[in-house]
Protein chains: 2
Amino acid sequence: MPLGLTNQEMKKIDDVVKARRRVKQGELLFSHGDLFTSLYAIRIGFFKSSVSSEDGREQVIGFQMTGEIIGMDGIVNDVHSCNAVALEDAEVCVLPFAHIESLARELPGLQHHIHKIMSREIVRENSVMMLLGNMRAEERLAGFLLNLVQRLHARGFSQSEVILRMTREEIGSFLGMKLETVSRTFSKFSDAGIIEVKQRYVRIIQADALKKILNLQRLN
Amino acid sequence: MPLGLTNQEMKKIDDVVKARRRVKQGELLFSHGDLFTSLYAIRIGFFKSSVSSEDGREQVIGFQMTGEIIGMDGIVNDVHSCNAVALEDAEVCVLPFAHIESLARELPGLQHHIHKIMSREIVRENSVMMLLGNMRAEERLAGFLLNLVQRLHARGFSQSEVILRMTREEIGSFLGMKLETVSRTFSKFSDAGIIEVKQRYVRIIQADALKKILNLQRLN
DNA sequence: CGAAAGGTTGACACGTGTCAAAGTGGGTGG
DNA sequence: CCACCCACTTTGACACGTGTCAACCTTTCG
């Protein structure tokens with residue numbers, strides 16, 4: 001909320017944001033079919049969001065971390081269409097959407113902020129579609145790693161070291177590839193000296209090499 | 001706008017919606033880097049939206065038709081991040097976003113409507129991610145065709161016949177496959193008696209068969 | 001300490017990409 | 001108004017990246 005607000009206005013927002021909810025590792029924050037009432041602002045922890053097809057296949061549509069907002073899929077039909085699972089013990093602010101809307105009518109800055117958050121999600125998904133539609137395994141994984149460390153870095157963490165919160169299978173689901181291919185591609189990067197991998201631990205040695213893989217795709 | 005509004009309120013909305021813009025076939029409504037000022041409601045015509053990577057590859061992220069709203073990608077950074085091209089002569093309503101926002105503060109129904117539109121776009125992209133990440137060529141094309149005729153049918157057109165407005169290459173870009181694979185998959189469906197194809201003309205003979213291909217994916 | 005879950009690696013299969021050639025249709029200029 | 005041309009589509013042969021299946025290794029947790 002980076003906006004010039006009076007104390008009174010800040011207080012109104014604080015009131016909406018009061019409720020907290022803890023979600024243990026592996027538990028659902030919400031799932032497909034749940035009534036939509038609120039958005040959630042992640043305070044602590046790491047989530048994955050996914051949709052599933054009628055025949056049971058899962059597609060991870062994103063990984064969310066501290067400061068990000070989830071639940072916007074539920075607005076259109078008053079029912080959530082995707083699942084949100086905590087990948088580690090987590091805590092969220094519950095933001096009752098009806099309150100948000102009424103507050104947004106009073107506070108133009110808040111209103112615009114909400115529009116931006118939804119637009120950002122649309123733009124993010126656009127770039128995931130590029131990744132899924134146009135890129136090969138190496139490019140996908142390079143893009144995934146760079147995006148992940150960039151977001152972690154923005155939150156004060158290392159830009160070269162990560163402990164992954166998700167399995168190879170979940171990474172693969174997100175990137176549209178099988179877990180074996182994820183594992184093999186990690187190994188390939190490791191053999192090339194671009195990263196160091198040991199299970200969930202990943203250290204990026206040559207970020208430039210990853211960027212190169214991401215951009216100059218078809219030139220190898 | 002399916003909402004109980006007074007005449008006065010309707011008039012305010014009409015004022016915002018007054019401006020029109022014509023876009024000829026092949027022309028851009030907006031493109032990557034353009035300043036964002038407005039959303040656009042399609043009155044007539046058929047559009048494709050796409051993003052492009054730094055090395056020039058294009059990913060079609062959607063096809064939009066009458067009644068749909070485009071341009072929401074621009075809100076987050078005040079700059080459009082994707083391109084919108086008319087696939088046939090088209091006309092849109094220009095909806096200046098600042099006006100929309102101020103009006104939405106007065107009219108809760110309009111406000112919620114806007115949130116729904118953005119949420120619907122997020123949900124749509126979720127299902128495209130499922131398609132790109134989990135499905136094979138036949139399933140993708142089946143899903144594409146069913147979605148297309150369903151939307152056309154909702155607008156009063158036939159639910160079994162379509163004249164495609166886009167090339168095989170554009171379909172392929174959207175579905176994450178090459179144009180030859182699109183063509184081959186059309187032929188395969190045609191050989192199976194599921195559809196009739198002649199260039200841009202497609203007639204769906206067995207919608208059930210398409211639905212079956214879409215759901216029972218890995219059971220062939 | 002043992003079992004279960006997750007990760008790595010190998011061999012092979014298969015779907016889709018690539019490259020090439022030929023067919024089709026619509027728009028435009030003569 | 002017709003014919004040519006160009007963009008688009010179809011189809012074939014082959015290549016290659018990723019999926020599949022299986023075995024084995026590592027780590028975590030009860």
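Keep in mind the model is a prediction, meaning the values are calculated, not measured. Throughout, a chain's letter reflects where its sequence line sits, starting with A, and its residues are numbered from 1. We use all heavy atoms of the structure for the numbers below, so side chains are in, but hydrogens, waters and symmetry mates are not.
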Integer-rounded Å distance: [N] [atom2] and [X] [atom1]:
| X | N | atom1 | atom2 | answer |
| --- | --- | --- | --- | --- |
| A/R57 | D/dG19 | CZ | P | 13 Å |
| A/I163 | C/dG6 | CD1 | P | 17 Å |
| B/F186 | D/dC8 | CZ | C1' | 13 Å |
| A/L175 | D/dT18 | CG | P | 12 Å |
| A/E169 | D/dT20 | CD | C1' | 14 Å |
| B/I171 | D/dA7 | CD1 | P | 19 Å |
| B/R168 | C/dG17 | CZ | C1' | 18 Å |
| A/N134 | D/dG17 | CG | P | 17 Å |

So, is [X] near the phosphate of [N], with a side-chain N or O under 4.0 Å from OP1 or OP2?
| X | N | answer |
| --- | --- | --- |
| B/K178 | C/dG15 | no |
| A/T181 | D/dT18 | no |
| B/R200 | D/dC8 | no |

How is B/S183 classified with respect to the nucleic acid when contacts are heavy atoms under 4.0 Å: base, sugar-phosphate, or nothing?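 If one applies the 4.0 Å heavy-atom cut-off, B/S183 turns out to touch a base.
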Does the side chain of A/Q64 come within less than 4.5 Å of A/F46's, by heavy atoms?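 Counting from C-beta outward, A/F46 and A/Q64 never come under 4.5 Å.
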Could you tell me if the side chain of B/L29 sits less than 4.5 Å from the side chain of B/V85, heavy atoms only?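 The answer is no; the side chains never approach within 4.5 Å.
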Map A/Q25 and A/L179 onto DNA chain D by nearest heavy atom, then report which one ends up closer to the 5' terminus.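 Going by which nucleotide is closer to the 5' end, it is A/L179.
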Using only heavy-atom distances, decide whether a donor-acceptor pair under 3.5 angstrom links the side-chain of [X] to the base of [N].
| X | N | answer |
| --- | --- | --- |
| B/R184 | D/dG12 | yes |
| B/Q199 | D/dC8 | no |
| A/E180 | D/dC21 | yes |

Charged N to carboxylate O under 4.0 angstrom, [X] versus [Y]?
| X | Y | value |
| --- | --- | --- |
| B/K48 | B/E170 | yes |
| B/E68 | B/R155 | yes |
| B/K116 | B/E121 | no |

Side chain of A/K198 only, heavy atoms from C-beta on: which candidate in D/dT27, D/dT11, C/dT16 is closest?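 Within the option list, the nearest is D/dT27.
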Nearest to side-chain heavy atoms of B/T167, which nucleotide of C/dT16, C/dG6, D/dC8: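 Nucleotide nearest to B/T167's side chain: D/dC8.
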